[in-house]
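Chain identifiers are assigned alphabetically (A, B, ...) following the order of the sequence lines, protein sequences preceding nucleic acid strands; residue numbering begins at 1 within each chain.
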2 protein chains.
Amino acid sequence: MMSSPTPGKRQHIVDTAYALFKRDGFHATGIDRIIAEADIAKMTMYRHFPSKDELIVEVLEHRALRFERQLDRLAQEVATPEQKIGKIFDWHERWFRSADFHGCLFAHALAEFGDPGHPVFKAVARQKNGFKQRMQSILEKVMAPKQAESAAAALLMLIEGATLMAQMGLPAIDDARKAAAAVIASARTPQ
Amino acid sequence: MMSSPTPGKRQHIVDTAYALFKRDGFHATGIDRIIAEADIAKMTMYRHFPSKDELIVEVLEHRALRFERQLDRLAQEVATPEQKIGKIFDWHERWFRSADFHGCLFAHALAEFGDPGHPVFKAVARQKNGFKQRMQSILEKVMAPKQAESAAAALLMLIEGATLMAQMGLPAIDDARKAAAAVIASARTPQ
DNA sequence: TAGGTGTGAGACAGACCTGTCTCACCACTG
DNA sequence: CAGTGGTGAGACAGGTCTGTCTCACACCTA
C-alpha cells in the first residue's frame with residue numbers, strides 16, 4: 001500500500017527539533033534549520049505537523065512522557081519515599097552535569113509563550129503539574145495529603161530553582177537536597 | 001549647546017522596551033514595535049543603543065538596579081533577618097498578584113540567550129548572584145557564613161520556583177514561605 | 001538673518017521567517 | 001507494461017527582522 005508515512009521519520013523530526021530548540025530556543029530556531037538538520041523536505045515536515053507551534057507542543061509532550069517514564073522507573077528502584085525523592089535529586093544532578101545541558105526546556109517554553117491560552121503554555125503547565133503530582137503521591141505515604149501537597153510544591157520549586165542555577169553555572173543541587181530534607185522533616189512532624 | 005540627547009528619551013526607550021519584552025519575549029519583540037510604541041524614530045533608538053542586544057542588556061541592568069534598591073529599602077524597614085526575609089517574600093507575593101505579572105524577565109532572558117558568553121546571559125547571572133549575595137548577608141547575622149550561603153541558595157531556588165509557579169497560575173508562595181522557614185530553622189541549628 | 005549642529009522621519013537593503021505550491025519520482029497493483 | 005497514490009525536493013509568496021542611510025527640520029549663537 002505504501003500509503004503510511006515512514007514511522008521513524010516523524011520521531012526523527014521531533015528529536016532533531018528538540019535538540020535545536022534546547023540549544024537555541026524556540027523563536028530563534030527556524031523551520032529551515034530544522035529540516036536542514038533533519039535532512040528532510042519542508043513539505044515532509046508540514047505534512048506531519050500543521051504548524052511550527054504544533055511541532056513544539058509535540059516535542060514538549062514527547063519529552064514530558066519520557067521524563068515521567070524515567071521518574072517511574074527510578075521510584076520503583078527503592079522503597080521509602082525519602083529514597084525515591086533522593087533518586088529524583090540524583091537524576092537531576094546527573095542531568096545538570098551532562099554535556100548538552102541547557103536548562104529546562106519547559107521553563108524556556110514558558111518564557112517564550114507566556115499567553116495562558118497558547119497550546120505551548122498549556123503543555124508546560126501539564127508537565128509541571130504532573131511532576132508535582134508524582135512527588136505528592138510519593139510523599140503521601142509518610143504524611144497527610146495537605147502536608148504532602150505543600151511539601152511537593154516546595155520540592156518542585158527547589159528543583160526548578162536548582163535547574164536555573166545549574167544553567168548559570170552555579171552548582172546548588174546539594175543545597176537543594178539539604179533544603180528538601182529540611183522541608184520533608186518539617187512536614188513529617190507538623191506538631 | 002543643544003548637543004546633549006534628551007535625557008528622558010533614553011529612559012523612555014528602556015521603559016517601553018521593558019514592557020514589550022516582559023509581555024512578548026525578546027526575540028518575538030521587534031525593533032519596529034518598540035519604536036512604534038515609544039513613538040520615536042528608528043535612528044533615535046540606534047543612536048542611543050548600538051544594537052538590540054545592548055538595549056536588552058540595558059533593560060535588564062535597569063530592572064536589576066531597581067530591584068536591588070527596593071530590596072534594600074525593604075530590609076531597612078525591619079530588624080531581624082527573619083523579618084527581612086519575610087519582607088522579601090511579601091514583596092514577591094504582591095508582585096505575583098499584580099496585574100501585569102508575566103514571570104521573571106531575567107529567567108526569560110536566560111531561556112532565550114543560553115550562550116554563557118552572551119552579554120545578556122552575563123547580565124542575568126549578575127542579577128541572580130546579587131540577589132543571592134544580599135540574602136546571604138542578611139542570614140549571616142544569625143548563622144555561620146557556610147550555612148548562610150547554603151540557606152541563601154535554597155531561598156533563591158524557592159523564590160525562582162515560586163515565580164515560575166505563579167506564572168503558571170499555581171499559587172505556591174505560601175508553601176515557599178513555609179519551606180523557607182524550615183530551611184532557616186534547620187540552618188540555625190545544624191548537626 | 002546666516003551658519004552650524006544634532007535630531008527625527010521614513011525609505012531602503014539584505015537576510016530571515018512561516019507556510020504553500022508545483023512537479024518529478026518511486027513503489028506497488030492489475 | 002500502464003496506472004495510481006503517497007512522497008521528497010525546492011521554488012515561491014508575503015511578511016518581518018535588524019541595521020543603515022539620506023534628507024529635511026528645529027534650535028541656538030553670533
Side-chain angles (χ1 to χ4, degrees), chain A residues 1-60 108-109 111-113 115 118-121, chain B residues 1-60 108-109 111-113 115 118-121:
Chain A
M1 217 46 90
M2 195 42 198
S3 67
S4 65
T6 317
K9 194 133 286 192
R10 183 185 181 90
Q11 191 56 45
H12 176 59
I13 297 172
V14 170
D15 291 340
T16 305
Y18 163 66
L20 293 173
F21 288 153
K22 181 175 68 167
R23 198 177 35 146
D24 300 330
F26 297 95
H27 284 101
T29 299
I31 294 287
D32 288 346
R33 194 124 111 263
I34 295 171
I35 65 167
E37 199 83 11
D39 198 37
I40 55 163
K42 187 176 275 194
M43 267 314 286
T44 306
M45 207 220 90
Y46 275 99
R47 212 170 283 124
H48 282 287
F49 306 97
S51 69
K52 183 185 177 183
D53 282 4
E54 303 210 24
L55 171 61
I56 294 173
V57 169
E58 182 116 346
V59 167
L60 292 177
H108 295 178
E112 294 201 48
F113 299 89
D115 175 14
H118 197 285
V120 170
F121 185 102
Chain B
M1 217 49 87
M2 197 41 199
S3 67
S4 65
T6 318
K9 195 134 282 189
R10 183 186 181 90
Q11 191 55 46
H12 176 59
I13 297 173
V14 170
D15 291 341
T16 305
Y18 164 67
L20 292 173
F21 288 153
K22 181 175 66 168
R23 199 180 33 150
D24 300 330
F26 297 95
H27 284 101
T29 300
I31 294 287
D32 287 347
R33 193 123 113 267
I34 295 172
I35 65 168
E37 198 84 12
D39 198 37
I40 56 163
K42 187 176 276 195
M43 267 313 287
T44 305
M45 208 221 91
Y46 275 101
R47 212 170 284 125
H48 281 287
F49 305 97
S51 70
K52 184 184 178 183
D53 282 4
E54 302 210 24
L55 170 62
I56 294 173
V57 170
E58 182 116 346
V59 167
L60 292 177
H108 295 179
E112 294 201 48
F113 299 88
D115 175 14
H118 198 285
V120 170
F121 185 103

Could you tell me how far apart [X] ([atom1]) and [N] ([atom2]) are, to the nearest whole angstrom?
{"X": "B:Phe26", "N": "D:dC17", "atom1": "CZ", "atom2": "P", "result": "16 Å"}
{"X": "B:Met43", "N": "D:dG19", "atom1": "CE", "atom2": "P", "result": "13 Å"}
{"X": "B:Met45", "N": "C:dT7", "atom1": "CE", "atom2": "C1'", "result": "16 Å"}
{"X": "B:Phe49", "N": "D:dT18", "atom1": "CZ", "atom2": "P", "result": "15 Å"}
{"X": "A:Ile35", "N": "C:dG19", "atom1": "CD1", "atom2": "C1'", "result": "11 Å"}
{"X": "A:Tyr46", "N": "D:dA9", "atom1": "OH", "atom2": "C1'", "result": "16 Å"}
{"X": "B:Asp39", "N": "C:dG8", "atom1": "CG", "atom2": "C1'", "result": "11 Å"}
{"X": "B:His48", "N": "D:dG19", "atom1": "NE2", "atom2": "C1'", "result": "17 Å"}

DNA chain C-proximal residues of residues 14-24 of chain A, any heavy atom under 4.0 Å: none
Steps toward side chain to side chain contact (heavy atoms under 4.5 Å, CB included) verdict (B:His48, B:Glu58): CA-CA 11 Å; B:His48 281 287; B:Glu58 182 116 346; over 6 Å; no
Closest contact, heavy atoms only, A:Ala41 versus A:Ile35: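 Heavy atoms only, the tightest pair is O-CG2, 4.3 Å.
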B:Asp53 versus B:Val120, closest heavy-atom pair with distance: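 Taking every non-hydrogen atom into account, O-CG2, 4.2 Å.
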A:Tyr18: partners by side-chain hydrogen bond (donor to acceptor under 3.5 Å, both in side chains), with sequence neighbours left out: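 side-chain hydrogen bond (donor to acceptor under 3.5 Å, both in side chains) list for A:Tyr18, sorted by chain: A:Arg63.
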Residue pairs passing the side-chain hydrogen bond (donor to acceptor under 3.5 Å, both in side chains) test where at least one lies in residues 25-35 of chain B, sequence neighbours excluded: B:Asp24-B:Arg33, B:His27-B:Glu112, B:Asp32-B:Lys42
What residues, two or more places apart in sequence or in another chain, satisfy side chain to side chain contact (heavy atoms under 4.5 Å, CB included) together with [X]?
{"X": "A:Arg47", "value": "A:Met43"}
{"X": "A:Ala111", "value": "B:His108, B:Ala111"}
{"X": "A:Lys52", "value": "A:Phe21, A:Ile31, A:Ile56"}
{"X": "B:Phe121", "value": "B:Leu110, B:Pro116, B:His118"}

Under 4.0 Å protein heavy-atom contacts per nucleotide of nucleotides 12-17 of chain C, with B for base, S for backbone only and - for none: -----S
Side-chain heavy atoms of B:Ile34 within contact of B:Leu55, under 4.5 Å: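 Of all side-chain heavy-atom pairs linking B:Leu55 with B:Ile34, at least one is under 4.5 Å.
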Duplex segments of DNA chain C, taken as runs of at least three Watson-Crick or G-U pairs that stay under 3.5 Å: C:1-30 with D:1-30
N or O in side chain of A:Thr44 less than 4.0 angstrom from D:dG8 OP1/OP2: yes
A:Glu37 CD to A:His12 NE2 distance, which is reported to the nearest 0.5 Å: 9.0 Å
